[in-house]
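Notes follow the structure.
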Amino acid sequence: MGRNPMENPIHYATPQLRVGPPVTYAAAQRTLKGYDYVIIGAGAAGCVLASKLSEDKNTSVLLLEAGGNNENVLASKVPLMFGELFHSEHDWDYNTVEQLALASRKLYWPRGRILGGSTSLNAMMYHHCAKSDYDEWVSVHGCQGWGYDDLVPYFRRMEKFTPNPSRPAIEAGNRGAEGKWKVGIPAIPDVNTKEGTLGGVTRFQTFIDQKGQRSSMATAFLTPEVLKRPNLYIGCHAHVTRVLFDCLTTEVPTTIGVEFRSSKDPNSESFQVHARREVILSGGAINTPQLLLISGIGPADELTPLGIPIINNSRAVGKNLKDHLCPTPIICKANPSYTLDYLKSPIKSLPALLRWKLFGTGPLTNNVGEVAAFLRTVDFNFSESSSHPADFTSGSVGPDIELIAAPLSFIHHGEEPAAEGEGMFSIVPTHLRPLSTGTISLRSRNPFDHPIINPKYLSDESNNDQKVILAGLRGCLRIIRSAALQKYFEPVPINDDPASKWWPYSSSNIEKISDEDLVRFMKEKAFTLDHPVGTARMGPDPSSSVVDLQCKVHGVKGLRVMDASVFPEQISGHPTAPIGAMAFKLSQMIKEGKTPGTPLSAHL
Ligand SMILES: Cc1cc2nc3c(=O)[nH]c(=O)nc-3n(C[C@H](O)[C@H](O)[C@H](O)COP(=O)(O)OP(=O)(O)OC[C@H]3O[C@@H](n4cnc5c(N)ncnc54)[C@H](O)[C@@H]3O)c2cc1C
């Protein structure tokens, strides 16, 4: 059996002793297999951290991933096929609780459960996000060291930009050339420059390589060369169920390792490993707070009723959840020669699949969200009927709405077919800077039970979130009616039938649509753009944050978090690139901060 990635993690761990897990650092050191770093979750952050930390031959790294290997998963390789992974074994397949503002619907939240995490099934939009987002992290949230200028060197070092001759507008000097992550298909203009991040219309750069394949964080950072490293160990199907602490021999609770199981069967065997230096939690914005809570780090009044012993009464765990909501797509019947929804049919997509297999080209290299406009609704008077939103953008310069165009019908993650059949074009607004704040909390202390996900969409008292969304919808309507687009559309817009639940307006009366009707559509059709963040947020104050500026969990030793959950505030765009850059930066900080070969015990 190859060393990495392995299907059976038992070789890298110690089966649970009959007497239970060790309770002191010294006992863990004596009785368990040990690694310098144990990383939980091989997603956007975990892959980068494992790759960078194991560059040092004298440092051993164990990466534990609840999902399986990504290597032979075709739908993860072919860019346009990622929707086929939804609800599969590679998806955590989460749902929110009923959302009061959205007709009490439960919204589906896909999340990758596979090497590469959500980067193995996401839409591959490569976006640095607004410069002002990170500068706000510093100026408003006190996160010195995580501003835009601090992260730019890491964006550059991560990316390997491939110019596309058919789209010449990207200034190659603004993109990294030596990194691992392949970010081809340039955009016009480049939204990933200091000025470009603040808005404009762009043909998205994507993380798709020259072979037309997804470049996930797993394919980029866990390459065959990296996997050959004798000091890097990867355990797939290793669901971490608890972080273990020494609360006996140290003044501050000290992380000594983790416990995991390869099956949710309660009778399945449990394994334990010792982390000599640190455990780094990279399970994502839902699973990271869940695991912290189950391990006893969280609000005492939530944990005590569930019988979970308190390690640290940390009030911010699972709080400050922010997401990006898409209210509803605006859809038009378009000329089928420009659209791609015919590819949803396995038979009709066969020639395209053959072309992709032979040449790595063709329509299957599309990422769905090809084009986007980043706008500030405060600067656009999209409609007189909508009340004007207030400015809650980062630094009062960033965008608050993104309009994404897709050459197919994109209702509910593309899972709901358009009643009118194929040949659709969608524009979807996304609210980038919501005020509404939600929570992740425990349903039970069973780590295999899904946590309670409550984003509380549109719950802000000022109702500004709804105003921004209405302005975004008005923007989409204006664009879809623009003269430049008409040549791509069928003469009669879809859903001309007033009885249709979905889109009862024709081109002649489209401008008469009321805000009330738009809100009605939104209640029925709103879905997530899959960007939850902030549930273990970074900050200097332990009462309002979970990790400090070095991403160390407040109140305990030897435990860090790095993933979307540490964002102090929601960013105005797509989070994969920021998470990757932050993980890269953290790996550098860890390397610089440690004396090689010194176990944590030496510092206790
Ligand atoms: C459908 C979809 C489309 C998206 N499109 C884009 C896009 O186009 N551009 C963009 O920038 N972003 C996009 N995103 C968002 C982006 O993919 C995520 O924000 C990012 O991957 C989050 O990184 P992370 O490291 O926080 O978590 P993840 O990448 O989700 O990784 C977490 C990993 O931890 C593992 N894990 C969790 N709990 C445990 C446990 N207890 N034990 C062991 N392992 C565990 C998970 O299985 C997973 O592999 C999209 C997301 C989705 C779902």
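Small disclaimer: the values here were computed from a predicted structure and weren't measured. Note that these values count all heavy atoms, side chains included, but never hydrogens, waters or copies made by symmetry. For the single chain, residues carry numbers from 1 onward in sequence order. First listed ligand is number 1; within each ligand, the first listed atom is number 1.
- In terms of polar-atom proximity, M124 is counted as a contact of ligand 1, with an N or O under 3.5 Å from an N or O of the ligand.
- Using a 4.0 Å cut-off between heavy atoms, W109 makes no contact with ligand 1 at all.
- The shortest N/O to N/O separation between G67 and ligand 1 does not fall below 3.5 Å.
- The aromatic ring centres of Y108 and H413 sit less than 6.0 Å apart.
- Considering L325, L432, I404 in turn, I404 is the only one that fulfils the side-chain contact (heavy atoms from CB on, under 4.5 Å) rule with L529.
- Cation-pi contact between R111 and W92: absent, since separation from the ring centre below 6.0 Å together with deviation from the ring axis within 45° is not met.
- For atom 47 (O) of ligand 1, the closest non-hydrogen atom on the protein side is E65 OE2, 2.6 Å.
- Between R113 and ligand 1 there is a heavy-atom distance shorter than 4.0 Å.
- Of all protein heavy atoms, the one closest to atom 19 (O) of ligand 1 is P575 CG, 3.2 Å.
- For atom 7 (C) of ligand 1, the nearest non-hydrogen atom of the protein is M125 N, 3.5 Å.
- The nearest heavy-atom contact from the protein to atom 16 (C) of ligand 1 is T576 OG1, 3.3 Å.
- The nearest protein atom to atom 21 (O) of ligand 1, hydrogens excluded, is given as S118 CB, 3.3 Å; this is a heavy-atom distance.
- Between G212 and P79, the closest heavy-atom pair is O-CD, 3.1 Å.
- Scanning the protein heavy atoms around atom 4 (C) of ligand 1, the nearest turns out to be N122 CB, 3.0 Å.
- Here the two rings, on F527 and F410, have centers that are under 6.0 Å apart.
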